[in-house]
Structure formats: structure tokens, C-alpha cells
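Data block below; observations after.
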Protein chains: 2
Amino acid sequence: MTRTPLDPRRPLTLRDVSEASGVSEMTVSRVLRNRGDVSDGTRAKVLEAAQRLGYVPNKIAGALASQRVNLVAVVIPSLSNLVFPDVLGGISEVLENTGLQPVVGVTKYSPQREESILYEMLSWRPSGVIVAGLEHTPAARSMLENAGIPIVEIMDSDGKGIDSVVGISHRRAGREMAAAIVAAGYKRIAFLGTKMPDDHRARKRLEGFVEGLAEAGLALVDSVFYSGGSGLLKGREITKAVLERHPDIDFLYYSNDMIGAGGLLWCLENGYDVPGKLGLAGFNGVDLLDGLPRKLATMDACRHEIGIRAAKIIAGCSQSGQIGGEVVELTPVLQPGDTIRTQ
Amino acid sequence: MTRTPLDPRRPLTLRDVSEASGVSEMTVSRVLRNRGDVSDGTRAKVLEAAQRLGYVPNKIAGALASQRVNLVAVVIPSLSNLVFPDVLGGISEVLENTGLQPVVGVTKYSPQREESILYEMLSWRPSGVIVAGLEHTPAARSMLENAGIPIVEIMDSDGKGIDSVVGISHRRAGREMAAAIVAAGYKRIAFLGTKMPDDHRARKRLEGFVEGLAEAGLALVDSVFYSGGSGLLKGREITKAVLERHPDIDFLYYSNDMIGAGGLLWCLENGYDVPGKLGLAGFNGVDLLDGLPRKLATMDACRHEIGIRAAKIIAGCSQSGQIGGEVVELTPVLQPGDTIRTQ
DNA sequence: TCGCATGATGTTATCGCTAACGCGGCAAGA
DNA sequence: TCTTGCCGCGTTAGCGATAACATCATGCGA
């Protein structure tokens, strides 16, 4: 049984365009891909026909035949974090001019979801994978290793990657923040962050922070691990809670800027002397929050730059056909703002 | 020429699994898709072999053969807007249990980019399209009309859709906000929003707002259209600017909560009597911002619900094989907060 | 005038998988 | 014992495009 040539609801194929323009399917294909020699007259005819019919090529068939897919899988934990949209911005900025297209998957910080999303995405045979973090399930790790395409793990450089890595050392970021706080003379320090066993970057920051304090002979006075969304309100609540428990605390280190901002607002309203008697710091360098009553101390996580560098690695590999193994460690910069007292 | 059966770098195919497990490719395919009758013994053998080899199915080939693609194209203007991640959340929540997978494209509010992203996405023959807004280029519109798959236009219900529509009336939202403001007795009112000719929803809100004022015999005293990012700082700047130009203004209507929040902070710091002498309102109902010194009046844009309803339409069509034409208009609710004075 | 590179097009054979159908064998009913 | 029907699995024929090669004019230098 061949197709019914008159069924108007049947999706268009190359054959329809070829018949409408009186040339072979191959020639139509060449025109639409701008590849190979086609005379100007033929090209015009074909383009006219394609446009008139409203033909949209079928990339599924194309990809199968050419064994080439212009997609890059991007796997991140969350979109509501303010952090990842910036990374994506950097990625698409670079990919835009390469013919590659990012496809985003969101894991919600679940290793299991990450595994299944990677499986799903790899089954489309993308040209590369950009995935947040170095920690994966064994199955996910082995899938990535055997995929035969460039893999870039981003955001974190504390650990061994599968192929390429672009990130910052969160451990070092934590340690440097600790150093700055200690240098400013704060002594009774608390940490406030999300209760997420699978947010390894926050964990490493905290570890580095604790190490940094230890080097100065200090230890955390208290820490709060909250669950639920990271909004201003949450920042207020946990700040209030921790300061009521330990009124003598003189520094609060938050795991992200949003809750830090909430904490800052609460402290100011309640008459705390910031940064004189109480210092505050967050993490990420979220510039949407510039414009708070006082500029919150934070550390830029190089989000945009990470996206750019990761995408460049993928784009480079996809051009050269080689696989990278590049490691890029970026350096986050402390932005002291107005919530750490100066010497 | 047949393949070289020993090349270890060749990607795995069904044939490899079938040889490794001693059954036909078809049976392997059945096992991996959980479709058709396979004995438990065979199933186990196949699964073992697939797992051992690390086989990942090739969906490209599968999709071509079955004429079925489990992808849903989602086309939105921006990810940094705080609004769209919420919509995406609703979408994936519903799609998660349907075997469908969302694929996101970002237009940056450019109709041209929207057109090319739609072209790109349609070329993968998705099961449906969810696209923000009712305004498209003629070419994009015609592509969508002829795609033969369910199309859901979201966020906006002020206008005629292509197929299904799920959204709110921004014009009405603007008008209702105007009514509330007028009812509270404010008279000298200004609007502050982004300068984006292609943000039709913001435009319609403003139009509705102006209409609403006109009904009460009022007109805008001033309006500011800024460009660049929407952060707290931007909110402060434009608020300062407009209040310096017209010190007698008694209400500021912002086109989004983020700049509204910046404006609120500025007003409080500068001793304005909010909401007594000066009222403020934003739009969106961004709950990350709950926890400001005063709760900003706003209107919930039903973002999450919109995502859910849109995804349900797509999922429904993909099950029934029919195409919808459903129109869902949700009703945004005014949240007066503490920045509109009560009677 | 011939030969041959070159440009413009068509032909053939996949790509990896699945729909649709086919075919033995075994159990239950006649 | 012989059907009948279903279960379990294999065979065949594409899906819609592209790679690679084949074909056929043309033109240009020798």
C-alpha cells in the first residue's frame, strides 16, 4: 500500500515539495540545507514551492539519515533558583551561532530524576551534554561515560569529572568567606541553608566554611537547615529563629542571596546594627537584588561565564569531532557589600 | 558493505542487544517498550543483556518508525522573569505522568525569534505546542495552524487563539486594578513598566488600566517605560525619577512585582506614607517576595494553574487523538496587601 | 576536435526502529 | 482426536530524510 496522494491532512514530506517543484527529493533537500551545488533557478523554484506548501522539514528523519543531531542536553536541578537561568543565558548566547540548540531538563535535585532525564535525553542522541554537578548515580555516570559525546559538568570543580568540567570550587568559596568574616573580627557565627542532602555545592560551601573557621580556631555557633522554598519570608523566619536561640550571634552566613535578603530586612527592621554588631553574607551575586536597603555581602558564582565556557567546549568538540577533557576552574570574587564591617 | 561487527566505538543498537540475548530485534523492542506479549523468561534475558551492554534506545529511529514523538514544545519569552518557571512547573507536574516531555524554547520577546524557534521545534514533530501569547508573525501563525497537532496559547485570553487558549484577561486585570485604586480614593496615578513593544500582556494591562481610570474620569499623571533588567535597583531609580517629576503623585502602578518591590523599599526609606499618602501596586503575585517590609499589592497571574491547564489539554488530546479548541479564562485575584489604603 | 574537469541533478542504499502481519505450539472445548 | 484461539515470537516493509555514488550536459584548453 502506498500513501494516498490526495489526503490533505497528511503531513508534508520532501516528496511533496519535489513534486510541486518538478525536481528530485535530493535536490530539494540540498536547497533546504544550503548544501551542494544547485542552480539559482532551481533553488528559487524549490524555495517558492516549499514556502507555498508550508513545508517544515522532518528533523527526525534527517537526523536518522545523517547521524547528526544539533541538540545539546542541558540538565540542571531547578529553574526557580535564579542561578540557572543565568547559566542558560550564557549557554544559549554561545550556541546561538553554532547551529546547536540547548534542550533543558530539570532534576529538582533528585539523583534518580537526573538519571532518568539523562537516559531520556541521551536517547535522542544529542551532540553533547552539559550537566550540573559532579555527583551522579552510578548508572548515570556510566551512561555519560559511554555516550561517546562531549560531556561538561558545570558549577562545581571540587571533584573528579567524567570528561570536561567548568565550575568554581565551592569549598574554597566557603573557606574564603570564612576568612573574610574572621578577618573582620566576627566570632560567633551561624550558618543558614536549605536542608537538601543532594545540593552538593551548598554542602561543599558549608564544609569549606567550617574548615575556614576552624583554621581561625572558631566553630559554628548554630546552624539552621530549612526546607521549602527560598523566599524573603523564609529568610526572615529562620533569621528570627536563630537570633532568638542565640542572641549573641554576630554573623549569619546564608546559603543563598534570597534568604540572606530576607534576613537582612528582618535585622534592619528589628534594630540590629548591621554590619557593626551583626554581619550578614549570602551567596550567588544575584543582581536582581541589588537595591536592597543595604548591599548584601555575597560571592559571584560566575554563572553566566560558566554557561559560556561550557557551551564553548561543546561547540568546539562538535566542530573538531574530538572529545575534550578540559577542566576550567573559575574564581568567584567576594563582594563585601555593606553587611560586613570593614577594618 | 555491512557494519563492522567488532568496532567497539560504534553506538549500540537493538541488534546488539538481540544478539546478546538470542532473540529477535522485535522482541527486544517489545520488552524495552513494555508492549505486546513477551514471556517472563525472555523479558528477563533481554533486560539483563540491555543493562549489561548499557544500551540506550535510539528515539530518533523509534519516532520515525512509529510516527510518534513524546515531546511537547513550550515556547516562552524569558526564563529570568520569575513568572515562566512557575508556568513550567505546572506543565511538568502534569506531563510527568503522561510519558510526555516538555522541551523549552526562549524567544526573548522577539517575534522573529519566536518564529524560528517554532520552526525548529515543529521540525521535531512534537505531540503538541504550548506557546505564550496570542501575537505571532503571520508565518508562525500559519505554521501552527497547519501543524496538525494541538496548540495551546497561554497567559493571555484577550484575543482570538489558533486552537486552545489558557490565560487571563490582562486588560481586565488592569481595569480591576484601576477600579480598586480609584475606590481607595487615589487620584494622581502613574504607571511604571518596561519599554517592550512586544510584551503584549503588559501593554494590554496598561490599556485596561487606562480605560479603568478613564471610567472614573481620571487619566495617568505620568508613565515611565524603562529598558534593561527588572531588578530592585531599577525599581528604585524609576520611582525616584517619577516622584521627583511629579511630587504630588499618590499612586504608582508597576508592571511587575520586582520593580514594585524596589519602589516600595525606596519609598519607605524616603519617608513616604505608604499607603496613606502614596499607594503602590505590582503585578504577578511573586511569592518569593513575600516578606518585604510591607506586603505589596499585586494580582496573581495564575501562573502555575495556567501551566497545569495547558498541559492537561495537550495530554488529553494526545490520548484521545483529537484536537481541542478549548478556551480557559482564569480569573486573577487582587491581593491588596498593605500598600493600598483601605476605606 | 577531443578529453576531462566541473556543475547540476538523479539513483540507490541505508539510518535504527516499529506496525502489521504471520506462524508454530499448546490448552481448552467439542 | 480435532478444532479453535491465544500466546510468544519472528519476518517484512516501511518511516522521511541524507551520503555516496552515478549520470549527463557544458565549457575550455590543448
Side-chain angles (χ1 to χ4, degrees), chain A residues 1-5 7 10-46 49-50 53 55-70 99 122-126 148, chain B residues 1-5 7 10-47 49-50 53 55-70 99 122-126 148 321:
Chain A
M1 249 298 295
T2 52
R3 79 186 72 222
T4 50
D7 178 359
R10 178 180 44 80
L12 296 167
T13 71
L14 266 193
R15 155 164 250 110
D16 297 293
V17 182
S18 88
E19 281 170 1
S21 52
V23 300
S24 73
E25 298 177 39
M26 196 58 225
T27 300
V28 176
S29 169
R30 279 193 270 252
V31 170
L32 295 177
R33 284 179 302 148
N34 268 319
R35 205 166 298 253
D37 301 312
V38 184
S39 70
D40 290 346
T42 312
R43 174 180 310 277
K45 260 194 314 189
V46 169
L53 297 176
Y55 173 70
V56 177
N58 186 329
K59 288 220 180 185
I60 297 178
L64 184 60
S66 67
Q67 305 282 32
R68 242 171 295 153
V69 180
N70 67 338
L122 287 178
S123 75
W124 288 101
R125 302 288 187 266
Chain B
M1 249 294 296
T2 53
R3 79 186 73 222
T4 50
D7 179 358
R10 178 179 45 80
L12 295 167
T13 72
L14 265 193
R15 156 164 248 108
D16 296 293
V17 182
S18 88
E19 282 170 359
S21 52
V23 299
S24 73
E25 296 178 41
M26 197 57 223
T27 300
V28 177
S29 168
R30 279 194 270 251
V31 170
L32 296 177
R33 283 180 303 146
N34 268 320
R35 204 166 299 252
D37 300 313
V38 184
S39 72
D40 289 346
T42 312
R43 174 181 309 278
K45 261 195 312 189
V46 169
L47 285 177
L53 297 177
Y55 173 69
V56 178
N58 185 329
K59 288 220 178 186
I60 297 179
L64 183 61
S66 68
Q67 304 281 43
R68 243 171 307 181
V69 180
N70 67 338
L122 287 178
S123 75
W124 288 100
R125 302 288 188 265

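Every chain is numbered from 1 and lettered A, B, ... according to where its sequence line falls, protein lines coming before strand lines.
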To the nearest Å, how far apart are A/Lys59 NZ and D/dT18 C1'? 14 Å
Keeping to residues at least two apart or across chains, list the salt bridge (charged side-chain N to carboxylate O under 4.0 Å, His left out) pairs with something in residues 35-44 of chain B. none
Does D/dG16 have OP1 or OP2 under 4.0 Å away from a side-chain N or O of A/Tyr55? no
Least distance between heavy atoms, A/Val46 atom then A/Val17 atom: O-CG1, 4.2 Å
What is the distance, rounded to the nearest whole Å, between atom CG of B/Asn58 and atom C1' of C/dC17? 8 Å
Produce the list of close N/O pairs, under 3.5 Å, pairing protein atoms with atoms of nucleotides 20-22 of chain C; give distances to one decimal.
none

Among residues 32-40 of chain A, which contact DNA chain D at a heavy-atom distance under 4.0 Å? A/Arg33
Please check the phosphate of D/dG14 (OP1 and OP2 only) for any side-chain N or O of B/Gln67 closer than 4.0 Å. no
Whole angstrom value for the distance that separates P of D/dG16 from CG of A/Leu64: 12 Å
Output the single nucleotide from D/dG16, D/dT11, C/dC17 whose closest atom is nearest the side chain of A/Thr13. D/dG16
Using a 4.5 Å cut-off on heavy atoms from C-beta on, say whether the side chain of B/Leu14 contacts that of B/Leu32. yes
Can you check the B/Ile60 CD1 to C/dT18 P distance for me, whole Å? 13 Å
If only side-chain N and O atoms of B/Ser29 are considered, is one of them under 4.0 Å from the OP1 or OP2 phosphate oxygen of C/dT18? yes
Phosphate contact (D/dG10 OP1 or OP2) by B/Ser24 side-chain N/O below 4.0 Å: yes
Could you check how far CG of B/Asn70 sits from P of C/dT18, rounded to whole Å? 12 Å
Whether the side chain of B/Ser29 engages the backbone of B/Glu25 through a donor-acceptor N/O pair (distance < 3.5 Å, no angle test) should be reported. no
For the residue pair B/Val28 and B/Ser18, what are the closest heavy atoms and their distance? CG2-CA, 3.6 Å
Is there a side-chain contact between B/Lys59 and B/Asn70 (heavy atoms, below 4.5 Å)? yes
Rounded to the nearest Å, what distance is computed from the CG atom of residue A/Leu12 to the P atom of nucleotide D/dC15? 15 Å
Specify the closest pair of heavy atoms between A/Val38 and A/Thr42, including all atoms of both residues, with the distance to one decimal. CG1-CB, 3.8 Å
Specify the separation, in whole Å, of atom CG of B/Leu14 and atom C1' of C/dT14. 16 Å
Closest heavy-atom pair and its distance - B/Ala20, B/Leu53: CB-CD1, 3.9 Å
Go nucleotide by nucleotide along DNA chain C from the 5' end; which of A/Val23 and B/Glu25 gets its closest nucleotide reached first? A/Val23
Atom of A/Ala63, atom of A/Val69 and distance for their closest heavy-atom approach: CB-CG2, 3.9 Å
Regarding the side chain of A/Thr27, the nearest nucleotide among D/dT18, C/dG16, C/dG10 is C/dG10
Over all heavy atoms of both residues, which pair between B/Ala61 and A/Leu64 is shortest? Give the atoms and the distance, please. CB-CD1, 3.8 Å
B/Lys45 has an atom NZ; how far is it from atom P of D/dG8, in whole Å? 14 Å
